[in-house]
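In what follows, a structure is listed as structure tokens, so that the remarks can point back to it.
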Amino acid sequence: MNTAGKTILVLGGGFGGIVAASRLRRALPREHRVILVEREADHVFAPSLLWLMIGERKPDAISRPIAALAKRGIEVVRGDIRKIDPERRAISVNGRELAGDYMIVALGAELAPELVPGLATAGHNFYTLAGAESLRDARLKLNKGRVVVLVSAMPFKCPGAPNEAAMLLEYDCRRRGVRKEVSVDLYTAEPGPMPVAGQAVSTALRQMIESKGIGYHPNHAVTAVDPAQRRILFANGAGAEFDLLAYIPPHRAPQLVRDAGMCGESGWVPVDRETLATKFPGVFAIGDVTGIMLTAIGKPLPKAGVFAHYEAEVVAHNIVHAITGKGAPQRFTGDGECFLEAGDGRAGFGSGNFYAEPAPQIALKPPSILLHFGKVFYEKYWLWSRF
């Protein structure tokens, strides 16, 4: 135990970064510094972008200023990180160097639509605030034709999101009275919806999607999009026309993290799956930037906010333990859950343990009004409790 003043650098103001910084600040005496570094002015509650894209939320309702974290005693540094030196636990930001005794890398995944020729100009990236807003406006102009939801590559964060997007857009067409004139299709590089959750969950979710008259097209890896012809080309030789394209772009680890030599063969940061420690002493990585292989099934742990949250709790607790000696070390157990919006004011709920052997043990509750309000409550609670 060493109680001399320590500095913890938290890189990134998403779910994981905010939970880690908040937990550290609550638990550590004030002689220890907690510094959160984030380039964006606002934290956006990403799950609610699905509601925003169909006009059920406004940007200011799902955003909060990162600077508000300062009132909780967290030192907030806004700026683009230019370099990470994981061996020294140091970064370059705003023309100066910051160094810490501990570093938590929570920089998420970089969205890279440019990796698919034509994709960025052909459609709407509903994983960003700007893309969700443009999709919200564009959908109102479509009264007949074909809506396509496209998963352009794997892995991608929030594995339920493309399925939710397709069901919400289908619901939106019905409530606008244009469903008979508009078809909705989901094309994905996956072999099925949320395959890591197991065959039973994947099959049930596909049935949920198809019961709404949505075409489901697995194993379609996109190679290019022709914006002029409004046509998607796939590696299997197939093609698909669209009138409105809502897409999830390819994901990769941030360039900054790759340049720092932190990524492994998977292209993501390898960590101890229970402690989230990297190969660099005192450096941890959490959330979407990590690559954790579920060896029993040969698939990676999904990238999802719930895992970033729970991983952040574990890492923060263990840093507090290392500094103060209080409590006992904790381990991330692979538990997770998520709501699945289905339209019509209903949501399903998947939960279970992804580290279970010989395969993840996940259960899916069917859509209900109560579960939808559970998701609404969590949105409100998150924004209230963290800011």
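These numbers come from the heavy atoms of this one structure, side chains and all, not from hydrogens, waters or symmetry mates.
Closest approach of Asn353 to Thr333, counting heavy atoms only: ND2-O, 2.8 Å. The shortest non-hydrogen separation linking Arg25 to Gly73 is CD-O, 3.1 Å. Heavy-atom minimum distance, Ala166 versus Val184: O-CG1, 3.9 Å. Counting all heavy atoms, side chain and backbone alike, Leu9 lies closest to Leu98 at CD1-O, 3.7 Å.
Rounding to the nearest 0.5 angstrom, the gap separating the CZ atom in Arg39 from the CG atom in Asp80 is 6.0 Å. We find the CG-OG distance between Leu383 and Ser48 to be 7.0 Å, quoted to the nearest 0.5 Å. Distance check, rounded to the nearest 0.5 Å: CG of Asp335 to OH of Tyr310 gives 7.5 Å. Between atom CZ of residue Arg72 and atom CD1 of residue Ile18 there is a gap of 10.5 Å, rounded to the nearest 0.5 Å. The distance from the CD1 atom of Ile81 to the CG atom of Asn94 is 9.5 Å, given to the nearest 0.5 Å. Atoms CZ and CG, from Arg206 and Leu186 in turn, are 9.5 Å apart once rounded to the nearest 0.5 Å.
Side-chain atoms of Ser202 come within 3.5 Å of backbone atoms of Pro193 as a donor-acceptor pair (strictly under, hydrogens ignored). Side-chain atoms of Arg346 never come within 3.5 Å of backbone atoms of Gly343 as a donor-acceptor pair (strictly under, hydrogens ignored). Between the side chain of Glu38 and the backbone N or O of Gly13, at least one donor-acceptor pair lies under 3.5 Å. When atom types are taken as modelled, the side chain of Arg82 and the backbone of Gly95 share no donor-acceptor pair closer than 3.5 angstrom. Judged by distance alone, the side chain of Thr188 and the main-chain N or O of Pro218 form no donor-acceptor pair under 3.5 Å. Judged purely by atom type and a 3.5 angstrom limit, Ser92 has no side-chain atom pairing as donor or acceptor with the backbone of Lys83. The main-chain N or O of Thr7 is found under 3.5 Å from a side-chain atom of Asp101 such that the two form a donor-acceptor pair. Side-chain atoms of Asp226 never come within 3.5 Å of backbone atoms of Ile232 as a donor-acceptor pair (strictly under, hydrogens ignored).
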Glu337/Lys375 under salt bridge (charged side-chain N to carboxylate O under 4.0 Å, His left out): CA gap, chis, key distance, verdict: CA-CA 12 Å; Glu337 63 277 329; Lys375 184 173 183 178; over 6 Å; no
Working for side chain to side chain contact (heavy atoms under 4.5 Å, CB included), residues Leu11 and Met103: CA-CA 8 Å; Leu11 311 185; Met103 179 187 290; 3.9 Å; yes
Side chain to side chain contact (heavy atoms under 4.5 Å, CB included) between Leu107 and Val257, intermediate numbers included: CA-CA 8 Å; Leu107 290 169; Val257 177; 3.9 Å; yes
Trace of the salt bridge (charged side-chain N to carboxylate O under 4.0 Å, His left out) decision for Arg57 with Glu133: CA-CA 10 Å; Arg57 291 293 186 279; Glu133 287 184 290; over 6 Å; no
Side chain to side chain contact (heavy atoms under 4.5 Å, CB included) assessment of Asp272 paired with Phe332: CA-CA 10 Å; Asp272 182 290; Phe332 174 61; over 6 Å; no
Criterion salt bridge (charged side-chain N to carboxylate O under 4.0 Å, His left out) on Arg33 and Glu75, from CA distance to verdict: CA-CA 7 Å; Arg33 299 174 68 193; Glu75 297 180 50; 2.8 Å; yes
Side chain to side chain contact (heavy atoms under 4.5 Å, CB included) between Met167 and Ile209, worked out: CA-CA 7 Å; Met167 291 189 285; Ile209 295 165; 4.3 Å; yes
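Residues in residues 356-374 take part in these side-chain hydrogen bond (donor to acceptor under 3.5 Å, both in side chains) pairs, two or more places apart or across chains: Glu341-His372. Within the structure, the ring-ring contact (aromatic ring centres under 6.0 Å, His included) test picks out the following pairs touching residues 239-285 (sequence neighbours left out): Tyr127-His251. For residues 138-175, there are no ring-ring contact (aromatic ring centres under 6.0 Å, His included) pairs, not counting sequence neighbours. Sequence neighbours left out, the pairs with a member in residues 213-234 that pass ring-ring contact (aromatic ring centres under 6.0 Å, His included) are Tyr187-His217, Tyr187-His220, Tyr187-Phe234, His220-Phe234. Residue pairs meeting the salt bridge (Lys or Arg N to Asp or Glu O under 4.0 Å) criterion with at least one partner in residues 89-100, sequence neighbours excluded, are Arg88-Glu97.
Hydrophobic clustering (side-chain heavy atoms under 4.5 Å, transitive across Ile, Leu, Val, Met, Phe, Trp, Tyr) groups Val271 together with Ile84. Grouping the Ile, Leu, Val, Met, Phe, Trp and Tyr side chains by contacts below 4.5 angstrom, directly or via other members, places Leu135 apart from Val225. Under a hydrophobic-cluster definition in which Ile, Leu, Val, Met, Phe, Trp and Tyr are linked whenever side-chain heavy atoms come within less than 4.5 Å, directly or via other members, Ile286 and Met262 are assigned to the same cluster.
A salt bridge links Glu170 with Arg179: at least one charged nitrogen is closer than 4.0 Å to a carboxylate oxygen. A salt bridge links Glu274 with Arg331: the distance from a Lys NZ or Arg NE/NH1/NH2 to an Asp or Glu carboxylate oxygen falls below 4.0 Å. The pair Asp344-Arg174 meets the salt-bridge criterion, with a side-chain N (NZ, NE, NH1 or NH2) lying under 4.0 Å from an Asp/Glu carboxylate O. A salt bridge links Asp172 to Arg176: at least one charged side-chain nitrogen sits closer than 4.0 Å to a carboxylate oxygen. Comment: Lys212 does not engage Glu164 in a salt bridge, judged by the lack of any side-chain N to carboxylate O separation of less than 4.0 angstrom.
More than 12 heavy atoms of other shown residues, nucleotides or ligands fall within 6.0 angstrom of atom CD in Gln255.
Lys157 meets the side-chain hydrogen bond (donor to acceptor under 3.5 Å, both in side chains) test with no other residue; sequence neighbours excluded. Judged as a ring-ring contact (aromatic ring centres under 6.0 Å, His included), and not counting sequence neighbours, His317 has no contacts. Annotation: ring-ring contact (aromatic ring centres under 6.0 Å, His included) contacts of Tyr102 (sequence neighbours excluded): none.
Side chains of Trp382 and His309: a donor-acceptor N/O pair is absent below 3.5 angstrom, by distance only. For Ser211 and Gln207, the side-chain atoms include no donor-acceptor pair closer than 3.5 Å.
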List, one per line, each side-chain donor-acceptor pair under 3.5 Å for residues 58-69, sequence neighbours excluded.
from  : atom 1 : to    : atom 2 : distance (Å)
Ser63 : OG     : Pro59 : O      : 2.8
Arg64 : NH1    : Asp60 : O      : 3.4

Exercise answer: donor-acceptor pairs, residues 297-306 side-chain atoms, under 3.5 Å, sequence neighbours excluded:
from   : atom 1 : to     : atom 2 : distance (Å)
Lys303 : NZ     : Asp288 : O      : 2.8
Lys303 : NZ     : Thr290 : O      : 2.6

Side-chain donor-acceptor contacts of residues 116-123 below 3.5 Å, not counting sequence neighbours, with atom names and distances?
from   : atom 1 : to     : atom 2 : distance (Å)
Thr121 : OG1    : Gly118 : O      : 3.3

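Applying the 4.5 Å side-chain rule to ILVMFWY residues, one finds Ile369 in the same cluster as Phe373.
Note: Phe15 and Phe45 have perpendicular aromatic rings, judged against thresholds of 30 and 60 degrees for the angle between ring planes.
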